[in-house]
Amino acid sequence: MNQQKTLVLRPLTDQELTELNATQGAVHVYDLSTFKALTARPNITYQPFAPEHQLEAQHVVQKEIDAMPVKTNGKSIVDFLSYNGLNLWYYHRSRAYFDVYNSYLQQITLRDIDKTEHCRIYADKVLQSKFEKEKEFTFVEPKKINNPLGRKLGSIKYIISLVIRGLLGIKKLHTIRKIKHLLLLFPNTKTSKVPTTEFYGRLLEIDRSGTFGLLDIHKPAKLNDGRTRWNIKLLFRKTNYPLATNDTILLRYGFLSLSSIRKARAYKKELEQQLESLKNQDTSEIQDQLIARFASYRSSSAYYCLLFQSYSRFLKTSKIETITAHSEQDSIVRAVLDAGKTNGIATNGIQHGAINKNNRAYVLTEADHKYTPFPDHMLVWGDSIRDFLINESSCNPQKVYTLGQLRSDSLFQLPEKITHPILTTIPTKQTKIIFASQPQPDLSQRKQAAIDTIAAANDLDNVTLIIKVHPGEEKKYYHQIIKDMNAKNVIVLKDEIDLYQLIKGCDALVTCFSTVGAETVYFNKPLLVLDYSGLDKLNFVASGVGKAVTTVEEIKSQFNRISQGKFEINQECYDQFVQNYASKLDGKTAERYHNFIYGKSGDQ
């Protein structure tokens, strides 16, 4: 009797991994992180999703998303998903895309496999009904990660911290109400440092008008594990400019406002009515899945409704004339910006990370712009980014401005020689190479990038690898990988040293598609690109500034060339890349941003 074959097309929970380890027969795993967790199991094969399937899934899902804002008989699907003028579809658009993309990718993978033998399948739940006629397929029901205690603790901690921050911040809120130019930022909950330089460069440092202020955007608790993103030191920071927390606004104008709570509660009921009406519309199968995903986000949508109502009421009583954000696609930030638009306040979005075709938040059509998914003005780093927003995001050319990268001004403030203890304690004979990590939708690729880079460095005694952890990640993730690999000469950093000091003090950088790679070009340093997908997502390789590597041996070979001084950069390509990506490096970027924001309020 033939043993049953198992196909794993989705990430598995710890419980599912344990169960799978106990089964017999061949296992074909499409998710790399799951494969790594099962390497000790015999008869297991890693089988990545076919590139042609990935491209097909991207094309099909994006085509259906592009049709969502197109009106039929005077109303579009986006209209059905809106509430009181709040276009909630754009709060979840990217999330819905990736959820449905992953499901559809699994679907077309199953469509093309050999059906001559019986298969036990771990896949998205919606696929079970699609393949119910395939008697050879037995689907394993996904198991939810139940942590009720974690959820309760998370909720309690969040409410307590919200009330404390909200009450203690009332006085500061009165000050913020009087300023003209509001800057939004996410606080550093680990160090309680106000990260103005990281997000706004020298913008506040050069201001002499006294009309700028800051608003911390605190995110709610992660309910699955009971953690809250909060540090009590955040309450006692001293700054030279007004600084308030969004929790005070949410408490005062949201949770303590019966009107705001009623409107947020009414949303869920209205959504059900709108979804019922949508059943009479001519929608495709993929669109039905997108709508279903959107409906599953109803609790988040109700929260965004409450945020919007809170900020709308606060801004109506303020003197604020401009709101500027560095992460304008974040849903919480979007609620603030939308509330600003409603009150006639000019809104600005400052480019913070990669803007390209792989960032689905920026792939929009003219029909999308009828719902104002962007701030009033987009302020970007370079001409190529501006061209992309105009040509691929359908932005109005008169609303996109090339001003440069704010952080680049600090290039002109760096010491001639970097003497930070983290770097000086590394022996001078060692070649210091940075691995710039980042969160990725493909969790398996994120892990593979770390493992391959660490493995390559671990084989070379003269290389010290410095993992620069992205602000949205945790150091312990990489510490665990290092421990599992028993690796040596690896340092994990996050906020311990200024990024530009780190790049200047090291010999090269390796990354997948982090914007830190672009900043490495500013320093004329070698750049290695872990381009597993072959998509060259930030155009590093095609621009001639990055060297593509996809295996441990390739990474190790380039590390050796860097150590031996044999890695040569193309200076002409580097100079052109800076022009396209960062406009120009002149130390005056903050002045350009200040003049733009200051001028939009009528002060000039």
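Numbering of residues begins at 1 and proceeds along the displayed sequence.
For the 3.5 Å distance criterion, the side chains of E519 and T515 fail to qualify, holding no donor opposite an acceptor. Looking only at atom types and distance, the side chain of D575 has no donor-acceptor partner in the side chain of Q579 under 3.5 Å away. A side-chain N or O of H28 and one of Q47 form a donor-acceptor pair less than 3.5 Å apart. A donor and an acceptor atom, one from each side chain of Q430 and T464, are located under 3.5 Å apart. Judged by distance alone, the side chains of T589 and D409 do bring a donor and an acceptor atom under 3.5 Å apart. Counted by atom type alone, Q106 and N102 present zero donor-acceptor pairs between their side chains at under 3.5 Å. For the residue pair T18 / N21, no side-chain donor-acceptor distance below 3.5 Å is found, with atom types taken as modelled. Judged purely by distance below 3.5 Å, without hydrogens or angles, the side chains of D112 and H53 pair a donor atom with an acceptor atom.
Across all non-hydrogen atoms, the minimal contact from H92 to S300 is CE1-CB, 3.8 Å. Nearest heavy atoms, K125 versus P142: CB-CG, 4.1 Å.
Remark: of the listed residues F374, Y90, Y304, Y90 is the sole one forming a side-chain contact (heavy atoms from CB on, under 4.5 Å) with R334.
Between V27 and T45, every side-chain heavy-atom pair lies at or beyond the 4.5 Å cut-off.
Using the six-membered ring where Trp is involved, Y581 and F577 have ring planes that are parallel, under 30° apart on the 30 and 60° scheme.
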